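Structure first, then comments.
Owing to the predicted nature of the structure, the values given are computational and were not obtained by experimental measurement.
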Amino acid sequence: MYRSAYQKGFLTVLYSVGSSPLNNWSSYTKNGYIKRIYDEDIKSLVLEIMGSNVSTTFIHCPSECKEQLGIKLPFLVLLIKNMHKYFCFEVKIQDDQRFMRRFRVSNFQSKTSVKPFCTAMPMGMSPGWNQIQFNLADFTRRAYGSNYLETVSLQLHANVRIRRIYFADKLYTEAELPNDYRLMGKPKDLKKPEKQFKVQATARPPSPLNTGRGEAGPSKDTEPEATEPMSEPEPVLQKSPSPPVPQKAPSPTASAPPEPATEEPAPQTEATEEAYY
């Protein structure tokens with residue numbers, strides 16, 4: 001199916017936002033449903049597979065059983081949501097020994113079991129949306145001692161919500177992924193930082209008197225001109241009053257003589273002036 005296609009970077013096999021997400025898939029439902037709904041967490045359309053029995057409700061790719069995917073990219077990535085119910089998926093691969101091997105991954109199995117043609121292993125999922133990265137080449141080498149050649153088919157069972165399923169040639173970081181391959185869109189570290197304007201410490205708002213007259217206040221680049229300091233008046237020397245002479249207190253035995261009374265000068269009249277001259 002994809003053997004003749006150019007395989008490098010990313011190869012999507014299911015995308016829930018497309019016009020026909022199950023174009024190359026076949027669906028099987030019994031006591032369940034497969035439909036596309038709107039998910040509030042990621043604000044996007046997703047494919048939901050729900051059923052009372054995990055084994056009777058699933059989707060399979062390719063749609064024809066005789067066809068093969070022929071995907072040689074070694075990393076399988078699933079963007080799925082944990083519905084807190086039983087869920088499993090199967091991947092059939094072909095190794096360099098020309099054997100068909102199956103990997104069955106589920107959240108209800110506790111131990112890993114390796115058989116000649118099927119390996120079952122547990123999977124832990126966190127609440128909400130998860131990004132499951134499955135290294136097919138590494139698991140093939142560890143389980144069977146052979147080299148991964150290509151992926152033959154893929155099968156997903158209930159109960160899960162699917163955003164995208166794709167293959168990759170290597171593991172990419174969140175910053176290297178295209179925007180459509182992320183769950184929450186563009187990461188914060190790639191956004192352009194907002195410009196921040198720094199105000200100099202010497203900058204002051206213009207005076208209200210100058211703005212009223214239409215004059216601009218002092219600019220940020222030019223410093224205000226230094227004004228001459230106002231001259232202070234010279235201090236006037238004033239004679240400090242002499243301290244009063246302390247008077248001796250009168251002794252209790254000897255009484256001080258009375259001071260002579262000072263007579264006021266008589267008022268000057270015409271008769272006194274004639275007598276003077």
All side chain to side chain contact (heavy atoms under 4.5 Å, CB included) counterparts of Arg141, not counting sequence neighbours: Asp138
Taking salt bridge (charged side-chain N to carboxylate O under 4.0 Å, His left out) as the definition, give me every residue that meets it alongside Arg164, ordered by chain and number, with sequence neighbours left out. none
Spell out, yes or no, whether Tyr15 and Ile59 are grouped together once hydrophobic residues are joined by side-chain heavy atoms under 4.5 Å, including indirect joins. no
Do Met121 and Leu156 share a hydrophobic cluster, counting only Ile, Leu, Val, Met, Phe, Trp and Tyr and linking them when any side-chain heavy atoms are less than 4.5 Å apart? yes
Output all residues satisfying side-chain hydrogen bond (donor to acceptor under 3.5 Å, both in side chains) with Arg36, sequence neighbours left out; order by chain, then residue number. none
Closest non-hydrogen contact found for Tyr172 with Asp169 is OH-OD1, 2.7 Å
Does some side-chain heavy atom of Ile162 sit less than 4.5 Å from a side-chain heavy atom of Ser16? no
Check whether any side-chain heavy atom of Glu90 sits under 4.5 Å from a side-chain heavy atom of Lys92, and report yes or no. no
Atom pair CG/CD1 of Leu76 and Ile165 - distance to nearest 0.5 Å: 7.5 Å
Fellow cluster residues of Leu149, listed by chain then number, with links counted only when side-chain atoms sit under 4.5 Å apart: none
In terms of heavy-atom contacts, Val54 and His157 come closest through O-ND1, 3.0 Å
Quiz: residues 39-47 side-chain donor-acceptor pairs under 3.5 angstrom, not counting sequence neighbours:
from	atom 1	to	atom 2	distance (Å)
Asp39	OD1	Lys81	NZ	3.0
Asp39	OD1	Arg161	NH1	2.7
Asp39	OD2	Asp41	N	3.0
Asp39	OD2	Ile42	N	3.3
Asp39	OD2	Trp129	NE1	3.1
Glu40	OE1	Lys43	NZ	3.2
Asp41	OD2	Lys81	NZ	2.9
Lys43	NZ	Glu40	O	3.4
Ser44	OG	Arg163	NH1	2.3

If you measure from OG1 on Thr151 to CZ on Phe134, what distance do you get to the nearest 0.5 Å? 10.0 Å
Working to the nearest 0.5 angstrom, can you tell me the gap between Ser153 OG and Met100 CE? 8.5 Å
Starting from Phe89, can I reach Val160 by hopping between I/L/V/M/F/W/Y residues whose side chains sit under 4.5 Å apart? yes
Should Leu136 and Val152 be regarded as members of a common hydrophobic cluster, given that ILVMFWY residues are connected when their side-chain heavy atoms come within less than 4.5 Å of each other, either directly or indirectly? no
Ile132, Leu11: one ILVMFWY side-chain cluster at the under-4.5 Å cut-off? yes
Cut-off 3.5 Å, no hydrogens considered: what does the side-chain donor-acceptor table look like for residues 64-75, sequence neighbours left out?
from	atom 1	to	atom 2	distance (Å)
Gln68	OE1	Arg3	NH2	3.3

What pairs of donor and acceptor atoms, side-chain ones from residues 18-28 against any protein atom, are under 3.5 angstrom apart with sequence neighbours left out?
from	atom 1	to	atom 2	distance (Å)
Trp25	NE1	Val13	O	2.8
Ser26	OG	His60	O	3.4

Could I get the full list of side-chain hydrogen bond (donor to acceptor under 3.5 Å, both in side chains) partners for Thr119, not counting sequence neighbours? Tyr144
Residues that Tyr166 engages under ring pair (Phe, Tyr, Trp, His ring centres under 6.0 Å), provided they are two or more places apart: Phe10, Tyr181
Min side-chain heavy-atom separation Glu174-Glu176 under 4.5 Å: no
Just by distance, do the side chain of Gln7 and the backbone of Tyr2 share a donor-acceptor pair under 3.5 Å? yes
Show the nearest heavy-atom pair for residues Met123 and Val105, with the distance to one decimal. CB-CG1, 3.4 Å
Hey, are the side chains of Thr140 and Ile93 touching, using non-hydrogen atoms and a 4.5 Å cut-off? yes
Partners meeting side-chain hydrogen bond (donor to acceptor under 3.5 Å, both in side chains) with Asn135 (sequence neighbours left out): none
Asp95 side-chain N/O to Asn147 backbone N/O, donor-acceptor pair under 3.5 Å: no
Going from CG on Leu79 to CG on Leu14, what distance comes out if it is rounded to the nearest 0.5 angstrom? 10.5 Å
Identify all side-chain donor-acceptor contacts of residues 106-114 below 3.5 Å with residues at least two apart in sequence or on another chain.
from	atom 1	to	atom 2	distance (Å)
Asn107	OD1	Phe87	N	2.9
Asn107	ND2	Lys85	O	2.9
Gln109	NE2	Lys111	O	3.1

List in chain and number order the residues that pass side chain to side chain contact (heavy atoms under 4.5 Å, CB included) with Asn82, two or more places apart in sequence or in another chain; answer none if no residue qualifies. His84, Met125, Asn130
Start with the C-alpha distance between Ile49 and Thr57, add both sets of side-chain angles, then the distance that settles side-chain contact (heavy atoms from CB on, under 4.5 Å), and finish with yes or no. CA-CA 7 Å; Ile49 306 174; Thr57 304; 3.8 Å; yes
Distance-only, no hydrogens or angles: does the Asp96 side chain make a donor-acceptor pair with backbone N or O of Ser146 under 3.5 Å? no
Would Glu48 and Tyr33 count as a side chain to side chain donor-acceptor pair (under 3.5 Å) if you check the C-alpha gap in whole Å, the side-chain angles of each, and the deciding distance to 0.1 Å? CA-CA 8 Å; Glu48 184 176 76; Tyr33 62 88; 2.7 Å; yes
